[in-house]
There are 2 protein chains.
Amino acid sequence: MKRTLQSTVSRRMAAASRPTIKDVAARCGVHPSTVSRALSPAMKHLVADDVADRIKAAANALGYRLNMAAKGLRTGRSGLIGVLAPDIADPGFPPVLSGITDHLNAEGYATIVVDVGSNGSEQDLVDRLIARGVDGLVLATVTLRDDVVKHCLDAALPVVLVNRVDAAGQLPSAASDDAAGMRLAVEHLVALGHQRIGHVAGPQHVSTGARRRAGFEASVRDAGLAARHTPVETVEAYTRAAGREAALRLLARRIRPTAIVAANDLLALGVYDALAVRGLACPHDVSVVGHNDMPFVDMVAPPLTTIRIAQRDMGEAAARLLLARIAGPEAASEHIVLAPQLIIRGSTIACGH
Amino acid sequence: MKRTLQSTVSRRMAAASRPTIKDVAARCGVHPSTVSRALSPAMKHLVADDVADRIKAAANALGYRLNMAAKGLRTGRSGLIGVLAPDIADPGFPPVLSGITDHLNAEGYATIVVDVGSNGSEQDLVDRLIARGVDGLVLATVTLRDDVVKHCLDAALPVVLVNRVDAAGQLPSAASDDAAGMRLAVEHLVALGHQRIGHVAGPQHVSTGARRRAGFEASVRDAGLAARHTPVETVEAYTRAAGREAALRLLARRIRPTAIVAANDLLALGVYDALAVRGLACPHDVSVVGHNDMPFVDMVAPPLTTIRIAQRDMGEAAARLLLARIAGPEAASEHIVLAPQLIIRGSTIACGH
DNA sequence: TCCGGCTGTGCAATCGATTGCAATAGCCCA
DNA sequence: TGGGCTATTGCAATCGATTGCACAGCCGGA
């Protein structure tokens, strides 16, 4: 009795705040549990139709909204998904992110995106997300051998990788076929008559860097080009400045390449810078191919020939994989591989004009 | 008695899952409330130092992590901030977002970013965020007269605007000084001898579009240019295609402008397209100025002269304003205005060469 | 020696929703 | 007419953390 009175009073005092399931119940003269059932699609069959309708009407009238924190506390699922991004400002990432969030939003999940690098350690960020009770994680940041992978496996947290994969292939992933992309680039150049093709390789501790390099080497070998005619320079980071330095090294070689394949578009822009430094013209002196087809590389001079990867699809596939993992964690880890596409623009031209 | 036994059993069964405050308490032989106090900086002074140390050690040993959902339920604050973005894929937004999230993360908040447009109505998205218990909202999407603003005010939810402002100035905001930016652009062109300057204006229902247009008109008037020499064409959306169409209309006028100021860089790229269509060269036939200095406009041909706005600072300021609002909602709404900067590149040149 | 005050802990209610179990009513069929 | 069913609904525990209140010591001063 006393307790009832008390809670009535406190409810009245908090009248300005959001209505709860109790308010709806009081208005309908039913028990809160009945309201909960009527409003939950899965439990609705337990409630008489007319009562359910009355409850829904009352909920609407009161502007009732489910409190996700309370639900999460009780059910152990938050409806939150964490996304770890290497750098939100990197123009390649937004399309992927948008694919992820669109799919997850449609399924009722919300996503927390955290930018690694600017803030604390990755481990720590993951722990903070776990504290928030995320139901799963999308990692766009993993290196080939990554402690975070183990950390997540230990925490029994559903995790998928996007864009990059781990060396052991333990975790499900959605990524572009890096080797196939390089093959497209190399075969395009070979078809144009290029025999001396350099490669600016990305960081070798991330899968895109390592696999694109491997794809390059396999493709030039298959094309019958000698190793000394297909030099590789590796960078430590996907930046324009790093691409410039690596390209300068390539151009300083005795046998100068007539074409350069960069591991991504940012590096390719750095290659442009290097050509400018050396007073070489693209494409007449050196052809250049990028990778990713990030926004606006069609606007640079010359417009960049590049490998388009299915970024949105990649994000969507990752989201789908994650939801599958959450639904049934026992499934084997699946690796979704998306086909890349060659986009020919102005930065490649037949060798010898 | 019975209940204690029961909970012990259930705890044992859930051994695999995350340790709770109770586990830590049991390990230290203290009451859960003591653990809560020892672990909360604000309440720590109530606990004896040696006990607090023991508790912290035990928490570490067990790998204890606070359950934010439970805390949020009890305290009524989730530590979550919602961010409504017009389009994550728009290259102008990531720097702003990164300014927002960095600052909020540092203060212990997590951010949920939702992309308006792809998913349901904005109202609905806001309601979903409210259901998640967000402590505040950052809106990068508002139009000048926006129902969402009223909706948030009704919900008594702390809200700040970023990049755009509302007509009434009811809500705190962080934005660039749009008029000053246009003045920089116009004065730069006038100094180069241009007398006939066109403007591709952005959507007039958002503040950036309206204020930049107003700034343009005031500046050309102050420079003594006649209205018929300073035509304005308005677009409905900030897209490259819309910029192209508007620029084609400007170029079709009897008195052709020798310079065009676009309301943002995307529109400016559309202006480039239009010049190409008409067989005109930039900058020799027509100079072009953009706005925002989005990534890579220094790489296009010709490199774009534009107005750089302080995007990161804008995001950070918005985050700071929001936290202030959350701390003390009674404060008057403050408007932070950031100074823009003229970045001269290759798309502008003296009139008549 | 007794009392007021101060520290440090424990107790228990509470946030809002979910769900297993119990209870009731109404119904069907023998 | 009675037994067993089913369809609804209520009850109360529970998720994990926080916090007002009560209480037990312990101190110093009168």
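Numbered from 1 within each chain, the chains take letters A, B, ... in sequence-line order.
Taking atom CE of residue M68(B) and atom P of nucleotide dG16(D), one finds them 16 Å apart after rounding to whole Å. A straight line from CG of L46(A) to C1' of dT19(C) spans 10 Å, rounded to a whole angstrom. Taking atom NZ of residue K22(A) and atom P of nucleotide dG10(D), one finds them 15 Å apart after rounding to whole Å. Rounding to whole angstrom units, CD1 of residue I21(B) and P of dT19(D) are separated by 11 Å. Rounded to whole Å, atom P of dT14(D) lies 21 Å from atom CG of N67(A). Summarising the geometry, the separation between CZ on R77(A) and C1' on dG16(C) is reported as 19 Å, rounded to the nearest angstrom. Rounded to whole angstrom, the span from the CG atom of L66(A) across to the P atom of dC15(C) amounts to 17 Å. Between the CZ atom of R132(B) and the P atom of dC15(C) there is a distance of 22 Å, given to the nearest Å.
In this structure, a donor-acceptor pair under 3.5 Å is present between the side chains of D146(A) and T143(A). E122(B) and T141(B) are linked by a side-chain donor-acceptor pair at a separation below 3.5 angstrom, with hydrogens and angles left out of the test.
The main-chain N or O of V159(A) is never found under 3.5 Å from a side-chain atom of R325(A) such that the two would form a donor-acceptor pair. Between the side chain of S40(B) and the main chain of S36(B), no donor-acceptor pair closer than 3.5 Å is present. D135(A) places a side-chain N or O within donor-acceptor distance of the main-chain N or O of S78(A), the cut-off being under 3.5 Å. Between the side chain of S333(B) and the main chain of Q170(B), a donor-acceptor pair closer than 3.5 Å is present.
For the contact set between residues 50-60 of chain A and DNA chain D, defined by any heavy atom under 4.0 Å, the members are V51(A). Listed by residue number, the members of residues 30-44 of chain A with any heavy atom below 4.0 angstrom from DNA chain D are V30(A), H31(A), S33(A), T34(A), R37(A).
Two residues are said to be in side-chain contact when any heavy atoms from C-beta on lie closer than 4.5 Å; L171(B) and V160(B) fail this criterion.
For the pair V47(A) and L73(B), nearest-nucleotide mapping onto DNA chain D gives the more 5' position to V47(A).
Residues satisfying the salt bridge (Lys or Arg N to Asp or Glu O under 4.0 Å) criterion with R320(B), sequence neighbours excluded, are E316(B). Under the salt bridge (Lys or Arg N to Asp or Glu O under 4.0 Å) criterion, R132(B) pairs with no residue, sequence neighbours left out.
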N/O donor-acceptor pairs under 3.5 Å from side chains in residues 41-51 of chain A, not counting sequence neighbours:
none

Grab the N/O contacts between the protein and nucleotides 22-27 of chain D below 3.5 Å, and write none if there aren't any.
none

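Listed nucleotides dT9(D), dG16(C), dT9(C) differ in distance to T20(A); the shortest reach to its side chain belongs to dG16(C).
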Exercise for the section: Please lay out, stage by stage, how R312(B) and D102(B) fare under the test salt bridge (Lys or Arg N to Asp or Glu O under 4.0 Å). Expected result: CA-CA 10 Å; R312(B) 253 196 91 82; D102(B) 280 4; 2.9 Å; yes
